[in-house]
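We count ligands from 1, going down the list as the structure has it; atoms in each ligand are counted the same way.
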Amino acid sequence: MPGKLQIKKQPKEILLYGGTIIDPVRRKKYKGDVFIKNGKIAKIGNVKKKSSIHQVNCNGMVVTHGFCDIHVHFREPGREDKENLASGSHAALAGGFTRVCVMPNTNPPLDSPESIRFIIKKGEPLPIHIHPIGAITKEQKGKEICEMAAMKNEGATAFSDDGLPVQNGEIMRFAMEYGGMVGVPIINHAEDCQIRNDGVINEGEVSTRLGLTGNPDISESTMVGRDLELSQLTGSSIHIPHVSTAKSIHHIRRIKKSLQLVTAEVTPHHLFFNDTALMSYDTNLKVAPPIRTENDRKELIQAVKDDIIDCIATDHAPHTIEEKENTFDLAPFGMIGLESCFGAVNQVLVKNAGMKLEKLIQKLTVNPREIMGFESDLFSLGAQAEVTVLDPEKEWNFLESNIFSRSKNTPFLEKTLYGKIHMVFSKGNMTKIP
Ligand code: DOR
Ligand code: ZN
């Protein structure tokens with residue numbers, strides 16, 4: 001059984017005092033206090049302490065916006081044994097996330113207005129905000145476009161067949177034209193199925209040595225190239241998920257100079273690991289797209305620093321132990337990622353690559369919210385409090401007891417991470433993360 005988080009109702013008045021405030025919208029960092037009253041931001045700066053107010057000492061901590069992950073798989077409906085919206089929301093809170101977008105590759109997929117309404121209703125009582133992403137095509141079969149306008153009206157925030165690429169270029173063109181009309185981003189899982197050709201890890205020296213079928217980097221970059229040109233042709237926005245290769249970065253870098261319609265994300269695992277880690281045959285490292293080479297990893301890090309990559313998204317993909325304990329060829333693609341996200345990316349980008357923490361925070365808060373068209377100025381007076389308090393320099397060992405997901409499929413177990421979530425304030429609750 002996963003551990004249980006102690007989620008408490010917020011007292012009427014709370015003072016987060018003595019911390020370093022990072023406001024990613026105003027791009028400011030300063031010492032100060034955050035006063036939350038009736039679940040809303042009531043004052044930021046210097047706030048007088050009163051004994052009647054519940055006080056939280058944030059000395060040595062960073063106080064910032066609640067994180068937003070625009071790419072998670074919560075498996076409801078259909079595979080609630082792996083995760084449901086409730087357990088997923090606990091995993092999210094533990095990772096500092098107050099808002100997530102769930103992918104539609106459930107069983108059945110979220111491909112109708114009714115299924116979108118189902119997620120919205122089920123998410124309402126949960127401690128974080130949950131936004132459904134609708135499928136691009138009916139049953140994610142890649143043939144018939146879903147009723148995007150009706151689904152958007154029910155609350156679909158974007159459209160994707162994630163897990164499966166939209167293989168047919170004409171369907172992708174139509175999807176982008178409709179997406180543009182409806183005013184939502186299209187997110188295509190970019191992997192050319194023919195070029196991928198049943199590859200289970202990156203094609204290269206490691207796949208040859210292990211005797212596993214390889215998936216070449218161009219299975220991704222050729223489709224990214226196609227999608228960028230379709231964005232140019234249709235004038236519709238495209239969001240490129242889980243970019244994994246230097247060649248894709250090359251395309252995105254080139255087109256971003258002239259086209260404002262393109263945004264891109266990277267996962268913590270593509271930033272943290274390279275394919276030599278696969279020498280362990282750990283099926284928890286089997287993901288789609290695959291973990292690539294050290295050269296790709298370095299290019300991804302540089303692209304984050306250069307703002308070619310706009311945001312971090314976990315692609316949290318829970319699977320059962322039974323499925324993951326299969327042989328490498330048969331195990332499913334995916335790893336969980338919410339709880340370990342901040343400690344992993346803060347280590348790779350801030351500690352090891354010298355990026356500013358403020359920039360990392362932008363890529364976990366304001367940027368993903370802007371891609372999805374959510375309110376992003378969370379430190380304006382009167383805003384509903386979505387606040388994350390974190391210890392930016394804590395070194396800690398990621399253990400099973402840190403997991404709140406129903407699944408445990410992660411290669412981060414026993415890894416030393418840098419930076420830890422301390423407390424999260426969301427939807428009138430407060431949660432201390434153990
Ligand atoms: O590794 C992955 N797992 N990549 C995807 O695109 C889908 C996901 C899943 O649903 O398990
Ligand atoms: Zn995914």
Side-chain angles (χ1 to χ4, degrees), residues 69-84 88 91-92 100-111 131-136 139-140 142 157-167 185-193 196 198-202 215 219-220 223-224 227 239-245 248 264-273 275 277-278 282-292 311-324 326 328-338 341 368 405-412:
D69 188 349
I70 64 175
H71 190 151
V72 301
H73 299 267
F74 281 177
R75 308 297 187 212
E76 184 168 352
R79 285 310 300 266
E80 292 85 347
D81 55 321
K82 297 183 179 191
E83 196 83 287
N84 64 7
V100 301
C101 299
V102 292
M103 281 294 177
N105 64 337
T106 47
N107 190 8
L110 309 179
D111 64 356
H131 302 269
I133 293 175
I136 294 175
E139 297 175 68
Q140 295 195 293
T157 181
F159 289 87
S160 178
D161 276 354
D162 185 62
L164 298 169
V166 177
Q167 197 60 52
I186 299 292
I187 306 171
N188 181 35
H189 179 127
E191 277 189 297
D192 182 301
C193 295
R196 181 177 67 191
D198 294 333
V200 290
I201 68 170
N202 181 57
N215 168 350
S219 75
E220 176 180 281
M223 195 174 265
V224 166
D227 291 348
H239 176 71
I240 319 277
H242 41 52
V243 178
S244 72
T245 78
S248 301
E265 73 187 32
V266 68
T267 72
H269 47 273
H270 289 105
L271 290 171
F272 195 94
F273 296 102
D275 63 348
L278 272 299
D282 181 359
T283 56
N284 289 326
L285 284 159
K286 181 178 173 185
V287 284
I291 305 288
R292 305 285 185 182
C311 71
I312 311 287
T314 65
D315 197 5
H316 178 86
H319 291 292
T320 62
I321 292 175
E322 293 74 21
E323 283 175 310
K324 275 293 192 181
N326 232 317
F328 208 95
D329 277 342
L330 295 176
F333 293 96
M335 69 170 79
I336 59 167
L338 286 162
C341 174
S405 167
R406 277 195 179 160
S407 297
K408 306 252 179 293
N409 54 306
T410 167
F412 283 102

Kindly say whether [Y] contributes a backbone atom to a donor-acceptor pair with the side chain of [X] at under 3.5 angstrom?
| X | Y | answer |
| --- | --- | --- |
| Lys82 | His319 | no |
| Glu83 | Ser405 | no |
| Lys324 | Lys408 | no |

I'd like to check which ligand 1 atoms, numbered from 1 as shown, lie under 4.0 Å from a non-hydrogen atom of [X].
| X | answer |
| --- | --- |
| Asp162 | 6 (O) |
| His319 | 11 (O) |
| His189 | 5 (C), 6 (O) |

Looking at [atom], what's its closest protein heavy atom, distance included?
| atom | value |
| --- | --- |
| atom 3 (N) of ligand 1 | Phe333 O, 3.1 Å |
| atom 7 (C) of ligand 1 | Gly163 CA, 3.8 Å |
| atom 4 (N) of ligand 1 | Ala288 O, 2.8 Å |

4.5 Å side-chain heavy-atom contact, His239 and Glu265: yes

Glu139 side chain reached by Asp111 side chain, heavy atoms, under 4.5 Å: yes

Partner of His189 under side-chain contact (heavy atoms from CB on, under 4.5 Å), chosen from Asn105, Ile136, Val166, Asp162: Asp162

Minimum heavy-atom distance Ile312-Cys341, with the two atoms named: CG2-SG, 4.1 Å

Is there a polar contact between ligand 1 and [X], counting only N or O atoms under 3.5 Å apart?
| X | answer |
| --- | --- |
| Gly334 | yes |
| Val287 | no |
| Met335 | no |

Ligand 1 versus Ala317: contacting region, heavy-atom distance under 4.0 Å: side chain

Residues which pass ring pair (Phe, Tyr, Trp, His ring centres under 6.0 Å) with His71, listed by chain and number, not counting sequence neighbours: His73, His242

Protein N/O/S atoms closer than 2.8 Å to the Zn ion (ligand 2): His71 NE2, His73 NE2, Asp162 OD2, Asp315 OD1

Distance-only side-chain donor-acceptor flag, Thr314 / Asp69, under 3.5 Å: yes

Parallel, tilted or perpendicular, as decided by the 30° and 60° cut-offs, for the rings of Phe272 and Phe412: perpendicular

Nearest option to atom 11 (O) of ligand 1, as decided by whichever heavy atom of His73, Arg75, Met103 sits closest: Arg75

Straight-line distance of Leu110 CG to Phe159 CZ, nearest 0.5 Å: 10.5 Å

